[in-house]
Amino acid sequence: VTASVSALTLTDQNSIVLAAIDVTTGGMTVTALGGTITQDASVLGDVSGAHIDDVGATSLSATGGVTLDNVFNDFDEGSTVAVSVSAGSDITLRDEDAIALGNITASGAGSDLTLTSGGNVTQGTSTAVSVAGISTINAAGFDVTLANVDGGGVGTNDLATLTGSANSYNIAEVNAITLSGVTGTAGDVDVAAAGNISVTGGTTVQATGDVSLSGADITVDASGIILADNDTSGAGDAILIGTGAVTGNASSQISGDNVTLSGASVNFLGDSITANTAGATPLVGAVSITASTGSINLDGVTTAQTSITG
């Protein structure tokens, strides 16, 4: 389908393949009742080819997946109008600049979200992102802010598993979330969850600023790493605050200018907890460990810090 119109509404009983779409004022609604929404793959990198320019709101719905990954797509050109997607399978979106998300739902079992943005990633008021599988959100040089909360202050998003790289991440999660390789290249990684937070074994959650995780149980799986102030600029603490247990499993590591571990109990059986402001020699920094109701267990852990309390 190719179109240049003021507003666009398309409905197909099966799948829809979009070519060059230029919507000048009124927004775009595309519905695939029995299949997928995709783009003409023959010109995905061609600025004159099958990309989407939509000045208004974009609404996409498919029983299958949605894949709109032309590098020149601009779903909310010249505005902050939200992009909403409902799909029964994977969702892949690419926008050449900033993108404001509306309600995003990848509902099929194991369905993933892959979002690549050339600007900030934000979300509209009272909207939520819900993904059954893995949420890969990349915004090189820009910020990802998916921090909507309900009236009780609980996050509305359900990202399941988050991975990606951006300047910073600010995430509010309604359930549990797994972090599997998340990098804040010029800011903080801040994740607040109503449920548990886990860091996948063998992966790193890192930031030039703070890495701040707050939730129920917080677990760093075997060989998982939390690394705040990864450029040793002296601007990042590692902060893990759980209403339940805070646990570091075998060969895990936590480091930052200062380190705070606070939970009902703290059990760190990993390699090291290191507080060292800006890579100083000798070590400068503080580790604060607090267990509100249970025990503190640091069996076999090497710690490097000026003080431990709790």
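We count residues from 1, following the sequence as given. Because the structure is predicted, anything quoted here is derived from the model rather than measured. In what follows, every heavy atom counts, from backbone to side chain, and hydrogens, waters and symmetry copies are set aside.
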Look up atom [atom1] in [X] and atom [atom2] in [Y], then write down how far apart they are to the nearest 0.5 Å.
X	Y	atom1	atom2	result
Asp112	Asp90	CG	CG	5.0 Å
Ile16	Leu10	CD1	CG	5.5 Å
Leu101	Ile99	CG	CD1	5.5 Å
Thr114	Leu93	OG1	CG	9.0 Å
Thr31	Gln13	OG1	CD	10.5 Å
Ile171	Ile177	CD1	CD1	6.5 Å

Starting from [Y], can I reach [X] by hopping between I/L/V/M/F/W/Y residues whose side chains sit under 4.5 Å apart?
X	Y	value
Val266	Ile241	no
Val5	Val1	yes
Val17	Leu68	no
Ile137	Ile134	no
Ile296	Phe268	yes

Determine yes or no for a side-chain-to-main-chain donor-acceptor pair under 3.5 angstrom, with [X] supplying the side chain and [Y] the backbone.
X	Y	answer
Ser117	Asp97	yes
Thr163	Gly181	yes
Asn148	Gly124	yes
Asn120	Asp143	yes
Ser6	Gly26	no
Asp150	Gly153	yes
Ser135	Leu159	yes
Tyr169	Leu162	no
Thr58	Phe75	yes

Closest contact, heavy atoms only, [X] versus [Y]:
X	Y	result
Gly64	Ala87	O-CB, 3.4 Å
Ser15	Ala32	CA-CB, 4.4 Å
Ser292	Ala264	OG-CA, 3.4 Å
Ser111	Gly88	OG-O, 3.6 Å
Ala106	Ser89	CB-O, 3.7 Å
Ile104	Leu113	CG2-CD1, 4.3 Å

With a 4.5 Å cut-off on side-chain heavy atoms, are [Y] and [X] touching?
X	Y	value
Leu8	Ile21	yes
Ile225	Thr203	no
Thr67	Gln39	no
Leu60	Met28	yes
Ile52	Asn70	no

Under the side-chain hydrogen bond (donor to acceptor under 3.5 Å, both in side chains) rule, what do Asn175 and Asp158 come out as? Steps first, then yes or no, please. CA-CA 6 Å; Asn175 292 311; Asp158 188 1; 3.0 Å; yes
What residue among Leu298, Val259, Thr260 forms side chain to side chain contact (heavy atoms under 4.5 Å, CB included) with Ile289? Leu298
If the condition is side-chain contact (heavy atoms from CB on, under 4.5 Å), which residues does [X] pass it with, not counting sequence neighbours?
X	answer
Asp237	Asp210, Ile239, Asp257, Asn258
Asn14	Asp12
Thr63	none

The single option from Asn230, Thr185, Asp229 that satisfies side chain to side chain donor-acceptor pair (under 3.5 Å) with Gln206 is Asn230
Solution key, residues 247-254 side-chain donor-acceptor pairs under 3.5 Å, sequence neighbours excluded:
unit_1 : atom_1 : unit_2 : atom_2 : d
Ser252 : OG     : Asn249 : N      : 3.4
Ser252 : OG     : Asn249 : O      : 2.5

What pairs of donor and acceptor atoms, side-chain ones from residues 194-202 against any protein atom, are under 3.5 angstrom apart with sequence neighbours left out?
unit_1 : atom_1 : unit_2 : atom_2 : d
Asn196 : OD1    : Asp217 : N      : 3.0
Ser198 : OG     : Thr178 : OG1    : 3.1
Thr200 : OG1    : Leu179 : O      : 3.4

Short side-chain donor-acceptor distance under 3.5 Å, Gln123 and Asn157: yes
Please go through Val174's hydrophobic cluster and name the other residues, only I, L, V, M, F, W, Y counting, with side-chain heavy atoms under 4.5 Å joining them. Val154
